[in-house]
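Numbers here are sequence positions counted from 1. Atom set for the values below is all heavy atoms of this structure, side chains included, hydrogens, waters and symmetry mates excluded.
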Amino acid sequence: MKRLSSLLAATLLGATLLSGCGGGGTDAYCDTLKDTQKDFDDFEAANFSNFDEFTDRVDELADDAPDEVKDDWKVLADAFKGFVDALDKAGLKPEDLEGLSNGELPEGVDMEALTSAMEEAQALGGEEFEKATDAIVKHAKDECNIDLS
């Protein structure tokens, strides 16, 4: 359980880099990146209470993204959706992740489905996810003037 939380937090840490917005673009995509700062800050603090809003924002970014990174955002959106769906099948909500890391298992959780959810979480740290994140980070810097360092 602790590994799931650590994996999720480490993966999402890359996304928190987008919060270092430094001026920049006025188009819908760059504006949406800027507006997402609080969501990314929540993940940096391992606060999963707004995970649904975060995944909605990732979907919005996938829709608004320029062609250069549209497929990359789709990779992220699909990975998060798969993870959320797997959590739901296990009887969990994203906000339950913090409790899981402390060994707290909510009543009625399907252990087999929880194992499946952990497998879905691995997609959040997989090579395809990482490549997509790297492309998004580079594009955000180049096109939206968001400094990731």
Using side-chain contact (heavy atoms from CB on, under 4.5 Å) as the criterion, list what pairs up with V69, not counting sequence neighbours.
Y29, A65, P66, D72, W73, I136, H139
Would you call R57 and E60 a side-chain contact if the rule is heavy atoms closer than 4.5 Å?
yes
Are K138 and D134 close enough for a salt bridge, meaning some N to O gap below 4.0 Å?
no
Return a table of donor-acceptor pairs under 3.5 angstrom between the side chains of residues 76-87 and protein atoms on other chains or two or more places apart.
from : atom 1 : to  : atom 2 : distance (Å)
D78  : OD1    : K74 : NZ     : 3.3
D78  : OD2    : K74 : NZ     : 3.1
K81  : NZ     : D85 : OD2    : 2.9

Residues in salt bridge (Lys or Arg N to Asp or Glu O under 4.0 Å) with D67, at least two apart?
none
Donor-acceptor pair, K70 side chain versus A62 backbone, under 3.5 Å?
yes
Distance in Å, T32 OG1 paired with D64 CG, rounded so as to fall on 0.5 Å steps
4.5 Å
